[in-house]
Amino acid sequence: MQYFPFRHVDKTQIITINKITGESEYVQVVGKLTSLEIMGEKRGRRLVATLNDGTGELDLVWFQGVNWMQKFLQVGSKYRVFGKAGFYMNAPQISHPEIEEVTETGIEKNLYLEPVYPGTEKLKARNLGSRQIAKLVYALLQMLHEKDIPENLSSHIISKYKFINRYDAFRQMHFPKDQNEYNDSLRRLKFEELFISQLRLSFVRYKRHSFSKGLLFNKVGNYFNEFYHNNLPFQLTNAQKNVLKEIRKDIGSGKQMNRLLQGDVGSGKTIVALMSMLIAADNGYQSCFMAPTEILAQQHYKSLQSLLKNISITVRMLTGSTSAKEKREILQATANGEVTILTGTHALIEDNVVFKNLGLAIVDEQHRFGVAQRAKLWKKNEINPHVLVMTATPIPRTLALTAYGDLDYSVMDELPPGRKPITTVHRMEYARPQVMDFIKSEIKKGRQAYIIYPLIEESSKLDFENLMKGYEEVKAFFPEPEFFISMVHGRQKAVQKEINMQRFIKNDTQIMVSTTVIEVGVDVPNASVMLVESAEKFGLPQLHQLRGRVGRGNEKSFCILLTKVKLSLEAKQRLKIMCSTNDGFKIAEKDLEIRGPGDIEGTRQSGILNFKLANIIEDKKILEAARWEAEEIIEKDAELSLNENLNLKNFLAIQKDKTPWSKIS
Ligand code: ADP
Ligand code: MG
């Protein structure tokens, strides 16, 4: 029943043969077979039949299955014929039409929108083409009654949204009388699909809030207060304060926190992370703070150390390039509790990293951090530690609701004060000299610049050569000793990257030439120009992240997107969006619109967005409604014990094991 047709062929109209014109596409006629004969030889051999409906004659021709068709058809019988009409020697004809004897039983007698079902090789091998499937479904529907497809939505929802009932919806999905019937079914079944998934997600959250035992961080102590009063370098924004409040509420509830923090680039997530970790420390627990790249881990390590100056907290860093000796020592100090904050890369979630009492795990700049990885973090303590996932760039609300709907989420939609909006422009390659002159003038004012080259594959030789070529060009434009250039790329050892990065941070070098290894997180407030080479090769989130590297200081900043002249439509769209807004939330929505949900990295395999009917972009409104209703039910009647939710309860009891959501909790 849930094997839905992907379209319908309109067979609601029967036309007369004299109305067939040269332009007519698909036609359906009913008439008597007046002749049937095999003509021609060898490759020209064909079966030709003539159909007469009283207004004219139509030739039907078969080049294949000639003998079989000849036996199947009978002169004198009445047939319904459907196919693409053409003209041959001025006479209308259809080759290889669909043909069916018109009898008084079965679906043949009805005029209808014929369902077309997706085929698979397997089905075809069993001779189950679309029409056979249609017949089976039709037969099945004849046997099913309303009680076999019981309603699963409450009468309140049904009447509020004017939905048709479930039984009718299924029937009309397959065999609608007209387009309206089909649309009504589709709308109802899409809602149902999204609603059930939202209900499960809300239930997972509800269960966590009400039952899952979590570590209780109920006090704010010396670490936090010392930092707040002595070390906090600026006033927190209201958004930061609100999020901290939400986090404190979570971790002070005795339940496990599982929160997604969405904030635009530069909104100041790091400090929120740090302050949360200080609360963990005040309650006697360790924290870990994971970054997606080595450079970023380094930067976090450095900034944590400087922010925690004069506060006696041990911060250590563990990455892929930590020496074996140091690693052994860190692992030991982590296991025995000497380390309070452990920062680093994915190395942190490896099995050999054992904590004495991990209380809080923070994953930075990485919303594509899957359920499985989160689960790995949870297991690092007997009672699941609190988990905070911070996104690199905002994610569209539809994705937040579906792919991350089991998490609570906070939004930081405010940038620290004093930021000047970044001016973004798109320039073609031939303008490179002017662009370079502009960068020169900025550097002469004391600013610094990034020049970024695409990195399609970590190891790609071509990308690397491209970068080196670019580096030579940049060097020719900006000769020493007037200018100094840093270069960072994926083939360098971590130490080398770090040295080059540090020179740039200290303003010993004015230009940073790099691949996207610096994409996320890097914070050098004096840099005011971001030049992206071959910008057409970057995705929107990446461009937005890169642009976020500038505009961090008090100076006016610029982002220049340099491209070749000939661009694909999609690339043009992306560049236009980048030039028109700085708002990461808007960009995220546009990105999803352009790419579609099937293309979102990390979600494709998980099947989390694979809805049968619904499409989270097109059906955004339905999704919002489904979310709202699901929340409402969980809030009022999470256990579904009220009478009005009985339908739903019965339905879920049958469906229980069929859903990927069960894996989440
Ligand atoms: P992101 O959210 O992109 O990770 P960061 O945490 O790196 O942002 O912060 C970006 C910059 O803004 C840093 O230089 C940080 O010190 C600064 N910053 C953060 N919060 C504030 C604030 N409330 N007022 C002023 N500057 C802030
Ligand atoms: Mg950050």
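Read the numbers this way: they start at 1 and go in the same order the structure lists the ligands and their atoms. These values consider heavy atoms only, across backbone and side chains, with no hydrogens, waters or symmetry-generated copies.
- Smallest separation of non-hydrogen atoms from A535 and L561: CB-CB, 3.7 Å.
- For ligand 1, the polar-atom distance check against P417 finds no nitrogen or oxygen pair separated by under 3.5 Å.
- Side chain to side chain, E442 and S528 meet the donor-acceptor criterion of an N or O pair below 3.5 Å.
- Remark: ligand 1 atoms within the under-4.0 Å shell around heavy atoms of T270 are 4 (O), 5 (P), 6 (O), 7 (O).
- The two residues M501 and M512 make their nearest non-hydrogen contact at SD-CE, 3.7 Å.
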| From CA spacing to verdict: ring-ring contact (aromatic ring centres under 6.0 Å, His included), Y471, Y453 | CA-CA 10 Å; Y471 177 62; Y453 291 82; 9.4 Å; no
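- Contacts between Q240 and ligand 1, counted as non-hydrogen atom pairs separated by less than 4.0 Å, involve the side chain only.
- Between L307 and N231, the shortest heavy-atom distance links the atoms O-ND2, 2.8 Å.
- Taking 4.0 Å as the cut-off, G266 counts as a neighbour of ligand 1 on heavy-atom distance.
- Set against the non-hydrogen atoms of L236, the atoms of ligand 1 under 4.0 Å away are 23 (N).
- Within the structure, ligand 1 lacks K241 among the residues with a heavy atom less than 4.0 angstrom away.
- The closest heavy-atom contact to atom 17 (C) of ligand 1, among the options R552, R549, R419, comes from R419.
- Of all the atoms in ligand 1, the ones that sit under 4.0 Å from a non-hydrogen atom of Q235 are 22 (C), 23 (N), 24 (N).
- Close to ligand 1: S267, with a non-hydrogen atom less than 4.0 angstrom away.
- Here is the list of ligand 1 atoms found below 4.0 Å of a heavy atom in V265: 3 (O).
- Applying the 4.0 Å criterion to heavy atoms of T237 picks out, from ligand 1, the atoms 23 (N).
- In plain terms, the two heavy atoms of G344 and T319 that are nearest each other are CA-CG2, 4.3 Å.
- Within the structure, ring pair (Phe, Tyr, Trp, His ring centres under 6.0 Å) pairs that include any residue of residues 264-287 comprise F217-Y285 (at least two apart or interchain).
- The part of D523 lying near ligand 1 is the side chain, judged by heavy-atom distances below 4.0 Å.
- A heavy-atom distance below 4.5 Å is not found between the side chains of V524 and R549.
- The N/O atoms of G268, backbone and side chain alike, include one that comes under 3.5 Å of an N/O atom in ligand 1.
- Taking a cutoff of 4.0 Å between a charged side-chain nitrogen and a carboxylate oxygen, E326 and R316 qualify as a salt bridge.
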